[in-house]
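Because the structure is a prediction, the values reported are computed rather than measured. For this chain, numbers begin at 1 and follow the sequence in order.
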Amino acid sequence: MGITVKPNSNFESLTGGNLPDEVSKEYLEYRDAWQQYPKRFYLRPIPLHLDIEASSLCNLRCTFCDKLPLLQKNQLGNLSLETFKRVLDQFSPEPDKRLWGLKLSYRGEPLINKDVPEMVRYAKERGVLDTYFNTNGMLLTEEVSRALIEAHLDRISISIDGTNAEEYEFVRLGAKLDVVLHNIETLKRLREEYRVTYPKIRIQTVKLENLDLNQYVGKWKDYADEVAAIDFKDESCRNTELRGEWACPQLWQRMTIEWDGTIFGCNNDDIRGMCLGNVNDRSIYDCWHDERMMEIRKLHTQGLSHEVNDCNGCPWRTAQIQKECR
């Protein structure tokens, strides 16, 4: 049986430009591992990458968001610098114990957390090669951009829906496209001032049926180093009948940590059953090698992902299997 594993199959760079200007040997090794470890079902001692939620709060009320409005008050908050350092200090510069990638966003808007630049700085001091986050761009002020450059943020992904203010502001309630574009131009100006090429700027959208990707690229390519799109994930679709010789690459790549330190086995925010503990009482290593995670990986390698309750019906799994069957 040939199991299909396609890392990054939900992502498409529409213009290229997703590599740093100076591509080091270790960066190429990291990206090769990102692709090859899931395909070979190779489990390194610790994850290659962590999604760490800087904040579960958001400054917008997007019409398509069906997660944040449902969070209870005790589920809203900012990651503390102390908790962040507790996580990062579990890694070391040794190749098999190094954290290669770090994304400081998950559900909310990371720039609500004023400590994000300091988190980036600390991550770079600890040897993290690729630091980045997704943002709506509204809080990317000149002061924040300076701090992020000085901390050496590697990449930033700014979400823009549509090709004009009317489309954009209709779905992203509270956002102003002219403010976001001004912030992007300011960041680009500051890169020139500092004589650096980081952070690389990506403008990104979700692939929707009525979206002309060529028109989208034409509109935004001059604002960014890269324009990209990700597959639409229908959160309302819980197809539990799908079968396929498919395995989720995340099981060999990454883990997720919410702002309060809760650890999850993947970054699908519906998978609450994959809660593995909290960084305050359990190590990343122990969670990565958790007995349940090992059993889940085994089932995926056998093409039996549908036998995992948390995976069967997962919107991301559904979208990827359906795409491969077209």
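- The backbone N or O of Thr163 sits less than 3.5 Å from a side-chain atom of Glu167, completing a donor-acceptor pair.
- For the salt bridge (charged side-chain N to carboxylate O under 4.0 Å, His left out) condition, the pairs that include at least one residue of residues 140-149, sequence neighbours left out, are Glu142-Arg146, Glu142-Arg189, Arg146-Glu193.
- For residues 138-194, the ring-ring contact (aromatic ring centres under 6.0 Å, His included) pairs, not counting sequence neighbours, are His152-Tyr198.
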What pairs of donor and acceptor atoms, side-chain ones from residues 95-103 against any protein atom, are under 3.5 angstrom apart with sequence neighbours left out?
unit_1: Arg98; atom_1: NE; unit_2: Gly127; atom_2: O; d: 2.6
unit_1: Arg98; atom_1: NH1; unit_2: Glu26; atom_2: OE1; d: 2.9
unit_1: Arg98; atom_1: NH2; unit_2: Gly127; atom_2: O; d: 2.7

Pair Lys176, Asp178 - check salt bridge (charged side-chain N to carboxylate O under 4.0 Å, His left out), show working. CA-CA 6 Å; Lys176 295 295 181 183; Asp178 60 344; over 6 Å; no
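- In the model, Asn78 has a side-chain atom that pairs as donor or acceptor with a side-chain atom of Ser55 under 3.5 Å.
- More than 12 heavy atoms of other residues, nucleotides or ligands shown are found within 6.0 angstrom of NZ on Lys207.
- Residues Leu148 and Leu140 form a side-chain contact, since some pair of their non-hydrogen atoms from C-beta on lies under 4.5 Å apart.
- Gln90 has its side chain within reach of Ser283: a pair of non-hydrogen atoms, C-beta onward, lies under 4.5 Å apart.
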- [ ] Show your working on side chain to side chain contact (heavy atoms under 4.5 Å, CB included) between Asn267 and His49 and close with a plain yes or no.
- [x] CA-CA 11 Å; Asn267 72 352; His49 168 100; over 6 Å; no
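- The neighbour count for Asn59 CG, taken as heavy atoms of other residues, nucleotides or ligands under 6.0 Å away, is above 12.
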* Pair Glu169-Leu177, side chain to side chain contact (heavy atoms under 4.5 Å, CB included): steps then yes or no -> CA-CA 7 Å; Glu169 293 170 13; Leu177 185 57; 4.0 Å; yes
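- Using a 4.5 Å heavy-atom threshold, the side chains of Ile296 and Asp310 count as separate.
- Ile3 is connected to Met294 through a chain of hydrophobic side-chain contacts under 4.5 Å among Ile, Leu, Val, Met, Phe, Trp and Tyr, so both are in one cluster.
- Within the model, atoms CE of Met255 and CD of Gln250 stand 11.0 Å from one another, a figure rounded to the nearest 0.5 Å.
- Put simply, the side chain of Ser56 gets close to the backbone of Gly77: a donor and an acceptor are under 3.5 Å apart.
- The backbone N or O of Ile156 lies less than 3.5 Å from no partner atom in the side chain of Thr135, so there is not a single donor-acceptor pair.
- Here the side chain of Ser305 pairs no donor or acceptor atom with the backbone of His300 at under 3.5 angstrom.
- For Phe41 and Trp252, the distance between ring centers is under 6.0 angstrom.
- Side-chain contact between Asp51 and Phe264 is absent, with no heavy atoms from C-beta onward closer than 4.5 Å.
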Let's go through Glu53 and Arg107 carefully: what are the C-alpha distance in whole Å and the side-chain angles of both, what is the deciding distance for salt bridge (charged side-chain N to carboxylate O under 4.0 Å, His left out) to 0.1 Å, and is it a yes or a no? CA-CA 7 Å; Glu53 182 177 62; Arg107 296 172 298 185; 2.7 Å; yes
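- Leu50 contributes atom CG, which lies 4.5 Å from atom CZ of Phe91 (distance to the nearest 0.5 angstrom).
- Within the model, atoms CD1 of Ile257 and OG1 of Thr262 stand 9.5 Å from one another, a figure rounded to the nearest 0.5 Å.
- In the hydrophobic clustering of this structure, Tyr132 does not group with Leu187; members are Ile, Leu, Val, Met, Phe, Trp, Tyr whose side-chain heavy atoms approach within less than 4.5 Å, directly or through other members.
- Note: Lys188 NZ to Tyr223 OH = 8.5 Å, rounded to the nearest 0.5 Å.
- Residues Met293 and Leu251 meet the side-chain proximity criterion, which asks for heavy atoms closer than 4.5 Å.
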Side chain to side chain contact (heavy atoms under 4.5 Å, CB included) assessment of Lys124 paired with Asp154 | CA-CA 10 Å; Lys124 299 305 290 186; Asp154 296 289; 2.9 Å; yes
Practice problem: Test side chain to side chain contact (heavy atoms under 4.5 Å, CB included) on Leu153 and Val116 and set out the steps. | Solution: CA-CA 10 Å; Leu153 178 70; Val116 162; over 6 Å; no
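- Expressed to the nearest 0.5 Å, how far CZ of Arg195 lies from CD1 of Ile149 amounts to 14.0 Å.
- Under the 4.5 Å side-chain heavy-atom criterion for grouping Ile, Leu, Val, Met, Phe, Trp and Tyr, Val171 is not connected to Leu173 through any hydrophobic cluster.
- Using the six-membered ring where Trp is involved, Trp34 and Tyr30 have ring planes that are perpendicular, over 60° apart on the 30 and 60° scheme.
- A heavy-atom distance below 4.5 Å is not found between the side chains of Glu29 and Ser24.
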